Amino acid sequence: MSLRSPLGRAMGLGSAKTGLGHWWAQRVSAVALIPLTLWFVFSLLLLPNVEQETAHAWLQFPLNGFLAIALVAVLAYHSYLGTVVIIEDYVHTESLKIFGRLCLQFLHALAGGAGIFAILHIAFGR
Amino acid sequence: MSVRTRPLSPHLLIYRWQIGNTLSILHRSTGVFLALGLIGLTYWLVALASDAPSYARALRIFSSPLGLVALFGWTFSFFYHLFNGVRHLLWDAGLGFERGQRHASGWLAIAGALISTFAAWMLLWQFNRL
């Protein structure tokens with residue numbers, strides 16, 4: 001027997017409906033980002049310089065290109081999961097909430113897609 | 001229909017400012033700043049994939065005073081969000097909930113972030129990259 005009222009069920013109100021998946025995805029992406037971001041920061045710090053040719057040669061090395069793509073993808077995902085919670089926490093007008101969520105989805109898809117395309121372009125172009 | 005003012009649970013202004021809520025707010029604000037950093041990272045990658053003048057413009061922007069302040073802020077935000085994130089992951093695993101442990105790990109996250117940020121920029125300076 002469910003303790004939820006028929007009205008509550010019909011309106012989809014009540015406790016979180018898809019919260020666990022979001023919570024878990026945020027943790028998994030966080031764990032993945034620990035090695036990925038540390039690798040990226042240390043690699044950049046240890047490059048002899050940040051000239052275009054140097055950075056190209058670095059990203060054209062297959063392992064670096066792959067890790068950079070993984071970084072951008074997981075970073076965009078984790079960033080979306082984090083920022084969308086802020087919208088959900090502070091925006092209580094349903095239409096504005098949906099609009100804010102849509103903006104974040106488009107922005108993160110754009111940033112992630114452009115970043116990955118740029119890395120592939122460097123790795124395979126010329 | 002008249003709106004009845006409902007009693008509110010005590011929030012923000014009622015509580016004494018302390019390390020727990022400060023670090024929690026800092027975690028979220030560094031997260032937002034790092035989300036902006038994603039745009040910076042994407043811009044750098046796209047400029048890197050483009051022609052020489054585009055990349056030169058990107059380097060000019062990042063090495064401008066405002067660019068350096070942003071990079072410095074991203075360095076601190078990254079290390080703080082990283083250390084405090086590990087703190088959150090440990091809590092999720094059920095570890096470190098005691099008052100003393102909470103405070104110690106909080107100060108550790110702050111100290112770790114400050115030291116790492118300082119070390120990273122010292123490294124840049126040592127390599128004459130500034």
Side-chain angles (χ1 to χ4, degrees), chain A residues 23-24 26-31 33-35 37-38 40-42 44-56 58-59 68-69 71-72 74-86 89-90 104 107-108 110-126, chain B residues 12 25 27-59 62-63 71 74-75 77-79 81-93 116-117 119-130:
Chain A
W23 184 90
W24 186 247
Q26 192 169 39
R27 265 67 185 175
V28 173
S29 55
V31 171
L33 280 174
I34 297 174
T37 50
L38 284 175
F40 182 73
V41 168
F42 279 99
L44 277 193
L45 281 175
L46 296 176
L47 277 183
N49 57 59
V50 283
E51 296 305 314
Q52 203 164 15
E53 299 78 50
T54 316
H56 274 201
W58 175 61
L59 280 176
I69 288 172
L71 170 75
V72 170
V74 182
L75 201 60
Y77 186 45
H78 187 77
S79 171
Y80 169 72
L81 291 174
T83 46
V84 81
V85 170
I86 298 175
D89 278 355
Y90 299 123
L104 286 178
L107 276 174
H108 282 95
L110 191 70
I116 290 170
F117 176 77
I119 296 165
L120 289 173
H121 192 274
I122 293 165
F124 296 116
R126 277 160 296 187
Chain B
L12 274 184
I25 291 167
H27 193 73
R28 184 165 267 194
S29 43
T30 50
V32 170
F33 193 59
L34 286 169
L36 295 176
L38 178 66
I39 298 176
L41 175 68
T42 305
Y43 170 59
W44 181 71
L45 284 169
V46 170
L48 186 63
S50 308
D51 57 1
S54 309
Y55 190 64
R57 192 191 312 129
L59 284 192
F62 282 119
S63 58
L71 284 171
W74 282 325
T75 316
S77 298
F78 163 66
F79 282 118
H81 205 84
L82 173 72
F83 288 126
N84 202 52
V86 170
R87 198 165 158 244
H88 272 277
L89 288 172
L90 290 176
W91 286 336
D92 293 335
S116 306
T117 308
W121 283 80
M122 282 306 280
L123 208 62
L124 280 177
W125 181 66
Q126 277 290 306
F127 289 169
N128 290 313
R129 295 263 297 277
L130 289 178

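Nothing here was measured: the structure is a model prediction, and the numbers come from that model. Reminder, nothing fancy here: chain letters follow the sequence lines and each chain counts from 1.
Contacts of A:Ala68 with chain B are absent, with no heavy-atom separation under 4.5 Å from either backbone or side chain. Contact annotation for A:Leu107: neither backbone nor side-chain heavy atoms come within less than 4.5 Å of a heavy atom of chain B. Heavy-atom distances place the side chain of A:Ile119, and not its backbone, under 4.5 Å from chain B. Residue B:Leu34: no heavy atom, backbone or side chain, is found under 4.5 Å from chain A.
Note on A:Ala30, A:Gly115, A:Gly112, A:Gly82: by heavy-atom pairs under 4.5 Å with chain B, the leading option is A:Gly115. With chain A as the partner, the residue from B:Asp92, B:Val32, B:Leu89 showing the most heavy-atom pairs under 4.5 Å is B:Asp92. When the candidates B:Gly85, B:Ala56, B:Ala52, B:Gly31 are compared by the number of heavy-atom contacts under 4.5 Å with chain A, B:Ala52 comes out ahead.
Atoms CG and CG, from B:Leu123 and A:Leu46 in turn, are 6.5 Å apart once rounded to the nearest 0.5 Å. Remark: B:Leu38 CG to A:Tyr80 OH distance equals 14.0 Å, nearest 0.5 Å. Rounding to the nearest 0.5 Å gives a distance of 5.5 Å between CG of B:Leu48 and CD of A:Gln52. One finds the NE2 atom of A:His78 at 4.5 Å from the NE2 atom of B:His81 (value rounded to the nearest 0.5 Å).
A 6.0 Å sphere centred on CH2 of A:Trp24 holds no more than 12 heavy atoms belonging to other residues, nucleotides or ligands. Remark: A:Phe117 CZ is loosely packed, at most 12 non-hydrogen atoms of other residues, nucleotides or ligands lying under 6.0 Å away.
Near-neighbour residues of residues 39-47 of chain B relative to chain A, defined by a heavy atom under 4.5 Å from a heavy atom of that chain, comprise B:Leu41, B:Thr42, B:Trp44, B:Leu45, B:Val46, B:Ala47.
For the pair B:Arg28/A:Asp89, a side-chain contact is recorded, criterion being any heavy-atom separation below 4.5 Å from C-beta on.
Across B:Ala35 and A:Thr83, no two heavy atoms sit closer than the pair CB-CG2, 3.9 Å. The two residues A:Val41 and B:Phe78 have their closest heavy-atom pair at CG2-CE2, 3.8 Å.
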